[in-house]
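One structure is given here, and the rest of the page talks about it.
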Amino acid sequence: MDFSFMSEYYQFYIEGAKITVTLAFFTVIVGFIFGLLLALLKLSKNKLLNFIATAYIEFIRGTPLLVQLYIVFYGLPHLGISFPGLTAGVIALSVNSAAYTAEIIRAGIQAVDKGQMEAARSIGMGKAMSMRYIIIPQAVKNILPALGNEFITIIKESSIASIIGINELMFNADTIRGNTFKPFEPLIVVAVVYFILTFSLSKLMGYFERRMNTDDRG
Ligand code: ARG
């Protein structure tokens with residue numbers, strides 16, 4: 001094993017990690033907004049809206065992210081809709097993540113005990129008010145940790161964006177692999193960098209989760 005390439009190339013990992021985190025960050029935000037909308041459609045009593053949301057979620061979850069990325073990056077320009085690489089990456093990842101996030105939100109809301117709504121209504125709160133003050137605050141506790149997991153997933157899945165030439169972590173590692181003729185060490189390093197990102201994020205989430213739970217007890 002020879003890691004001497006690092007002195008010359010470490011900057012590639014740092015720059016790549018910045019792009020990876022940027023990509024994942026925007027994806028989680030856009031994916032959340034879009035996912036929230038889908039979750040509301042899915043929870044609505046309107047059959048048509050319900051069907052649209054369900055169809056979207058099932059289709060996106062049932063097709064590979066790679067195919068979705070290709071459609072956004074290679075397919076849409078054919079219809080006159082083209083995006084720069086990084087934007088295409090964020091769009092494809094968000095379109096994908098929204099489907100998963102929608103289910104996280106829906107499940108998080110539905111996991112709140114039915115009795116909570118009944119109790120709120122029985123003391124005279126309207127439906128909207130019960131949602132806002134009773135259901136949502138409890139649902140957030142179910143949703144936030146799962147959303148953190150989605151962030152971690154996106155950090156890892158964003159490596160697929162290297163394939164359309166976005167110079168994120170995986171792309172840069174591959175460049176180093178080519179430049180140094182070393183197939184092994186640069187990939188080990190990139191794995192470690194991904195792990196540092198995801199592990200720190202999961203520790204951070206653990207910290208917030210513990211804090212949320214303390215509130216409950218006291
Ligand atoms: N590798 C999966 C696929 O090709 C992507 C899963 C994305 N998961 C997520 N939670 N956003 O479909």
Side-chain angles (χ1 to χ4, degrees), residues 16-43 50 52-77 83 85-111 139-174 187 190-206 208-209 212:
K18 282 188 200 159
I19 305 272
T20 289
V21 171
T22 307
L23 201 56
F25 181 74
F26 283 110
T27 295
V28 166
I29 295 194
V30 179
F32 176 76
I33 295 170
F34 194 24
L36 181 62
L37 202 89
L38 283 166
L40 294 179
L41 294 187
K42 202 158 174 188
L43 288 171
N50 215 294
I52 294 173
T54 307
Y56 179 93
I57 293 168
E58 294 302 328
F59 186 75
I60 293 296
R61 293 201 305 179
T63 49
L65 175 58
L66 182 60
V67 175
Q68 294 156 11
L69 181 66
Y70 268 40
I71 290 175
V72 172
F73 191 69
Y74 296 113
L76 292 187
F83 307 99
L86 194 62
T87 313
V90 171
I91 291 175
L93 282 165
S94 308
V95 158
N96 182 275
S97 182
Y100 291 88
T101 307
E103 283 299 87
I104 290 172
I105 297 172
R106 183 196 55 75
I109 291 174
Q110 287 184 338
V140 164
K141 284 197 183 184
N142 303 329
I143 294 170
L144 277 186
L147 219 51
N149 283 334
E150 178 66 14
F151 198 168
I152 290 177
T153 302
I154 295 296
I155 286 185
K156 295 185 292 170
E157 294 287 336
S158 70
S159 58
I160 210 124
S162 62
I163 224 113
I164 59 166
I166 297 176
N167 55 346
E168 42 67 85
L169 207 40
M170 184 61 203
F171 182 90
N172 283 4
D174 218 35
L187 295 175
V190 81
V192 171
V193 177
Y194 272 114
F195 181 71
I196 291 172
L197 291 179
T198 56
F199 192 67
S200 339
L201 199 56
S202 107
K203 284 282 150 209
L204 194 71
M205 274 162 42
F208 282 117
E209 257 174 76
M212 280 198 305

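The basis for the numbers below is simple: all heavy atoms, side chains too, and nothing from hydrogens, waters or symmetry mates. Each residue takes its place number in the sequence, starting with 1. As the structure lists them, so they are numbered: ligands from 1, and atoms in each ligand from 1.
- With sequence neighbours left out, the side chain to side chain donor-acceptor pair (under 3.5 Å) criterion links Lys156 to no other residue.
- Taking all atoms of both residues into account, the shortest heavy-atom contact from Ala88 to Val72 is O-CG1, 3.8 Å.
- For the side chain to side chain donor-acceptor pair (under 3.5 Å) test, residues two or more places apart in sequence or in another chain that qualify with Tyr194 are Glu168.
- Every residue two or more places apart in sequence or in another chain was checked for a side chain to side chain donor-acceptor pair (under 3.5 Å) with Asn172, and none qualifies.
- No more than 12 heavy atoms of other residues, nucleotides or ligands shown are found within 6.0 angstrom of CZ on Phe26.
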Exercise answer, ligand 1 polar atom pairs (N/O) under 3.5 angstrom:
| residue | atom | partner | partner atom | Å |
| --- | --- | --- | --- | --- |
| ligand 1 | 1 (N) | Glu157 | OE1 | 3.0 |
| ligand 1 | 1 (N) | Glu157 | OE2 | 3.1 |
| ligand 1 | 4 (O) | Leu65 | N | 3.1 |
| ligand 1 | 10 (N) | Glu150 | OE1 | 2.8 |
| ligand 1 | 10 (N) | Glu150 | OE2 | 3.4 |
| ligand 1 | 11 (N) | Asn96 | OD1 | 3.2 |
| ligand 1 | 11 (N) | Glu150 | OE2 | 2.9 |
| ligand 1 | 12 (O) | Leu65 | N | 3.3 |

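- Enclosure of atom OH in Tyr74 by more than 12 non-hydrogen atoms of other residues, nucleotides or ligands within 6.0 angstrom is indicated.
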